[in-house]
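Worksheet for the structure shown next.
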Amino acid sequence: MYYNSTQNASEVVSAAQAIAQGISKDGGLFVPQSFPQYDEATLKALLKEDYKGRAKKMFSDFLTDFTAEEIDECVEKAYTAAKFGGDNPAPMAYTQLGGKQLNILELWHGPTCAFKDMALQILPHLLTKSLKKTCDGKDAVILVATSGDTGKAALEGFKDVEHTKIIVFYPMDGVSPMQKHQMNTQEGQNVTVCAIKGNFDDAQTGVKNIFTTPAIAEKLAENNMLFSSANSINWGRLLPQIVYYISAYCDMVNDGKISFGDKINVVVPTGNFGNILASYYASQMGLPIARFICASNANNVLTDFINTGVYDKNRQFYTTMSPSMDILVSSNLERLLYKLAGNSDETTRAWMTALKSGGKYEVTDEVKAVITEKFFGGYCDDAQTQDTISRLFEQEGYLCDTHTAVAVNVYEQYVEKTGDTTPAVIASTASPYKFSKSVLQAVAPDAALPETEFDMVDMLNAKTGMPVPAPLASLKDKKARFSDVTEVNDMPQYVLSALGIA
């Protein structure tokens, strides 16, 4: 299997090249030229496999330049019971709310308690093998822009991995206190963390600009280095996410929640569009998904796009209690548009150029029709988010984080609006303890809040009885290693200085 750039279809690379490079030289994103087709027999065979077995099958179909032994090693090292607390790193939880069945795909049982672990525990293994295949001898410099969870998950995945250095940028006032403490206490000799004076979109744009500046790339090459990415723009991040949607379907069949062949809907709290795109790609392989329900917070640029066909980032930016979704430029949407535009790099490039120059573009009527048919866009504000957390806990004893609550709320909106009772998989993306203050305010609104984040964790534990994940509990007495802050325009110089090649 080979991969094209969304903005230059003449650029054809192997899977290893796509993963090692991260992003195309023209700024486009790598996409597979085709999707393996999983017929009834293939999906039925996956019912009998555990999570690792399902992952190995899918990786082998997309990473055709990797040997079976290499894929086996990557999967076995990534998805261990020690890291994920059990043999199934992405278990299903079943509950209800207001008479509606909730099939919750818990993606936060990994070492950083967020769904990014599902991809970022395996990406370092895929990347190091990709580097050996394509540019042996060079060190990879991993640049990451994060709205909270990706940063810590990438740092944890890449810490002390040979021939890699990782630099993470996060918005100074745009992550939760727990997320910030997770990043700034990160261990490892090859890691660097820096806050920026701006929001996540500023960080993401800054990283993309560094990636595509020839003079900086040349400077790295002179020092036997090259850039790569751990953001969801990297194919090695997106591919592992496809696995857990197909695995969730298999688990629901095995658990008797649906019959084999039944269609499902998928509900995803969405910021950068990678997670929901992975479910769309799973459907392209044969997974019977009827609707993709895209749940946003007050930064509802995707909701408006799905409903109008106009993407317009020229709007107020909100800092919300679901910060991983505080995004106005959803990078992975480019991959969907390329697919829906008939794999036209020219059309995709025109839309992305318009977004960069004017912050706005409008898709064709044909593309809009497909989006309207397959996708539903909805959003809720912070008050609705807290109400959902409260109702779900009070009525069912199930505690969720602020992002999952957005998904549940928008799912309720969807059912009320459409009457569609197709079983839905709801992606739960983080432990509630990563956002203790907001969750605590939802379940104990009259309580006087403690001063520190970890006292809030203790209070939330006392109120709900839900165990505190060990990786978060262990942070309590850790001292911060990083405190750097930089202007957005100074990010390139910061990178070169951090690498010692300024």
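In this text the structure is predicted, and so the values were computed from the model without any measurement.
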TODO: Would you kindly say whether Glu156 and Gln121 are connected by a side-chain donor-acceptor distance under 3.5 Å?
DONE: no
Task: Basic-acidic side-chain contact under 4.0 Å: Lys208, Asp201 - done: no
Open item on the list: Please enumerate all residues that pass ring-ring contact (aromatic ring centres under 6.0 Å, His included) together with Phe211, with sequence neighbours excluded.
Closed with: Phe227
Open item on the list: Any carboxylate oxygen within less than 4.0 angstrom of a Lys/Arg side-chain nitrogen, looking at Glu73 and Lys129?
Closed with: yes
Task: Taking every non-hydrogen atom, the tightest pair across Ala16 and Lys133 - done: CB-CD, 3.8 Å
TODO: Return the set of residues passing ring-ring contact (aromatic ring centres under 6.0 Å, His included) with Phe66 (not counting sequence neighbours), or none when no residue passes.
DONE: none
- [ ] Return the orientation label for the His403 and Phe435 ring planes: parallel under 30°, perpendicular over 60°, tilted otherwise.
- [x] tilted
- [ ] Please say which of Phe35, Trp235, Phe62, Phe30 ends up in a ring pair (Phe, Tyr, Trp, His ring centres under 6.0 Å) with Tyr3.
- [x] Trp235
- [ ] State whether a side-chain donor-acceptor pair under 3.5 Å links Ser5 with Asp26.
- [x] yes
Open item on the list: Ignoring hydrogens and geometry beyond distance, is a side-chain donor-acceptor pair present between Lys159 and Gln186 at under 3.5 Å?
Closed with: no
Task: Over 12 foreign heavy atoms within 6.0 Å of CD, Glu187 - done: no
- [ ] Can you establish whether the number of heavy atoms outside Gln37 located under 6.0 Å from its atom CD is more than 12?
- [x] yes
- [ ] Begin from the C-alpha positions of Glu11 and Lys25 and carry the test salt bridge (Lys or Arg N to Asp or Glu O under 4.0 Å) through to its verdict.
- [x] CA-CA 9 Å; Glu11 183 173 4; Lys25 293 173 184 175; 5.9 Å; no
Task: Tyr79/Tyr51 aromatic ring centres below 6.0 Å - done: yes
Open item on the list: Quick one about Asn332 and Arg335 (side-chain donor to acceptor, distance below 3.5 Å, no hydrogens or angles considered), yes or no?
Closed with: yes
Open item on the list: Using the ring-ring contact (aromatic ring centres under 6.0 Å, His included) criterion, which residues pair with Phe305? Sequence neighbours excluded.
Closed with: Tyr311
- [ ] Taking atom types as modelled, find out whether Ser428 and Thr404 have a side-chain donor-acceptor pair closer than 3.5 angstrom.
- [x] yes
TODO: Could you check if a side-chain atom of Thr270 sits within less than 4.5 angstrom of a side-chain atom of Val406, using non-hydrogen atoms only?
DONE: no
Open item on the list: Pair Leu127, Ile142 - check side-chain contact (heavy atoms from CB on, under 4.5 Å), show working.
Closed with: CA-CA 10 Å; Leu127 180 63; Ile142 315 297; 3.3 Å; yes
Task: Contact check, side chains of Glu70 and Leu126, non-hydrogen atoms, under 4.5 Å - done: no
